[in-house]
Amino acid sequence: MTQDLLFDFTVDKAKKTVYITREFDAELSLIWDAFTKAEYLDQWTAPKPFVAKTKYMNFEEGGKRFYAMISPDGKEGWLLQEYTSITPKTNFKLFNAFADENENPQLPGSDWDYTFSEENGKTTVYITIYNESLARMEKMLEMGFTEGYKASMINLENLLRTLSNK
């Protein structure tokens, strides 16, 4: 994996939107799987020392992923995602909300739009995160979303390196 890959993370508070562009030195099918399969998501989405644990995931339109971010002391922060649109290997969209352990969403939430493209063996993922409220977006940022997401990208690079060596 090369170190000169594109990674842009932009917060636009006026639009209540976060824009992320991330390039990977890997084929599209591998990146798609890393973003759409629970066994991979659990290995990279939580910034260390947190871990992610998916209770269930049904990756289809109308399907859901219910998972927890677990702190080193065992505290669970639950999230509920509902897949609203899926175009295989090209794009998927989901609605994301914090939740309690019984799957009750804490609204407002955010709409995530993932677009994937591959060129010359490199895959670029474009992510747009629209927050229903500025207060929710600011809460995410205060909780360390920017730093956490950047750390999770390091986890993903490590996972891709492991998967590429198999």
Side-chain angles (χ1 to χ4, degrees), residues 1 5 7-22 24 26 30-86 92-114 116 125-163:
M1 308 273 163
L5 298 170
F7 186 17
D8 182 61
F9 191 104
T10 304
V11 175
D12 186 335
K13 287 188 179 184
K15 293 183 178 179
K16 301 180 285 191
T17 303
V18 177
Y19 302 94
I20 302 168
T21 302
R22 181 65 163 90
F24 298 95
L30 181 59
I31 301 302
W32 179 263
D33 286 351
F35 278 84
T36 62
K37 293 186 176 182
E39 62 266 26
Y40 295 142
L41 288 164
D42 284 351
Q43 294 183 60
W44 70 266
T45 53
K48 291 178 179 15
F50 288 78
V51 295
K53 184 176 180 183
T54 299
K55 186 170 184 179
Y56 71 84
M57 180 173 172
N58 184 5
F59 186 69
E60 63 182 31
E61 287 187 22
K64 296 178 182 177
R65 177 180 182 220
F66 183 53
Y67 71 104
M69 292 279 193
I70 305 168
S71 69
D73 63 0
K75 184 177 179 188
E76 299 174 338
W78 290 94
L79 293 106
L80 183 62
Q81 299 176 328
E82 182 172 353
Y83 299 101
T84 56
S85 172
I86 299 172
F92 70 89
K93 298 176 183 178
L94 61 83
F95 178 75
N96 183 77
F98 296 110
D100 65 18
E101 66 277 0
N102 297 312
E103 298 182 47
N104 298 307
Q106 298 170 4
L107 301 176
S110 56
D111 291 304
W112 293 55
D113 185 343
Y114 296 79
F116 299 76
V125 182
Y126 304 91
I127 305 167
T128 302
I129 307 165
Y130 172 75
N131 290 273
E132 292 181 334
S133 78
L134 181 59
R136 182 189 193 275
M137 181 177 169
E138 288 178 335
K139 179 182 176 185
M140 283 177 47
L141 296 172
E142 287 169 15
M143 292 172 62
F145 178 74
T146 303
E147 299 80 9
Y149 201 85
K150 289 177 179 180
S152 71
M153 289 292 98
I154 294 169
N155 294 345
L156 179 52
E157 282 287 343
N158 292 334
L159 174 62
L160 294 171
R161 199 173 292 112
T162 300
L163 294 172

Less than 4.5 Å apart, any side-chain heavy atom of K75 and any of F50? no

Main chain of N102, side chain of D100: is a donor-acceptor contact present, judged purely on distance under 3.5 Å? yes

Does the side chain of Y130 reach to within under 4.5 Å of the side chain of K16, using non-hydrogen atoms? yes

Evaluate the side-chain proximity of F95 to L80: yes if any heavy-atom separation is below 4.5 Å, no if none is. no

Plane angle bin for Y114 and F92 - parallel if under 30°, tilted between 30 and 60°, otherwise perpendicular: parallel

Do V125 and I20 touch side chain to side chain, with heavy atoms closer than 4.5 Å? no

Smallest separation among heavy atoms of E76 and A68, with atom names: CB-CB, 4.2 Å

Between W32 and F116, what is the ring plane arrangement, given parallel below 30°, perpendicular above 60°, and tilted in between? perpendicular

Nearest non-hydrogen partners of A97 and P105, listed with the distance: CB-CB, 4.1 Å

If every non-hydrogen atom of L41 is compared with every non-hydrogen atom of R65, which pair is closest and at what distance? CB-NH2, 3.6 Å

Checking I129, V18, T17 against M137 for side chain to side chain contact (heavy atoms under 4.5 Å, CB included), the one that qualifies is V18

Indicate yes or no: at least one non-hydrogen side-chain atom of I154 is less than 4.5 angstrom from one of N158. yes

Any side-chain heavy atom of E138 within less than 4.5 Å of one from K13? yes

Where is the tightest heavy-atom contact between L5 and E157, given as atom of each residue plus distance? CD1-OE2, 3.9 Å

Y56 vs F66 aromatic rings, parallel, tilted or perpendicular, using cut-offs 30° and 60°? tilted

Can D8 and T10 be counted as having a side-chain donor-acceptor contact under 3.5 angstrom? yes

If we only count heavy atoms from C-beta on, is the L156 to F24 side-chain gap below 4.5 Å? yes

With F35, which of Y126, Y40, W44 fulfils ring-ring contact (aromatic ring centres under 6.0 Å, His included)? W44

Applying side-chain contact (heavy atoms from CB on, under 4.5 Å) to F98 and M69, what does each step give before you reach the verdict? CA-CA 11 Å; F98 296 110; M69 292 279 193; over 6 Å; no

Taking the side chain as every heavy atom from C-beta outward, state whether K55 and W78 have any pair of such atoms under 4.5 Å apart. yes

Identify the heavy atoms of S110 and R136 that sit nearest to each other, and give their distance. OG-NH1, 3.2 Å

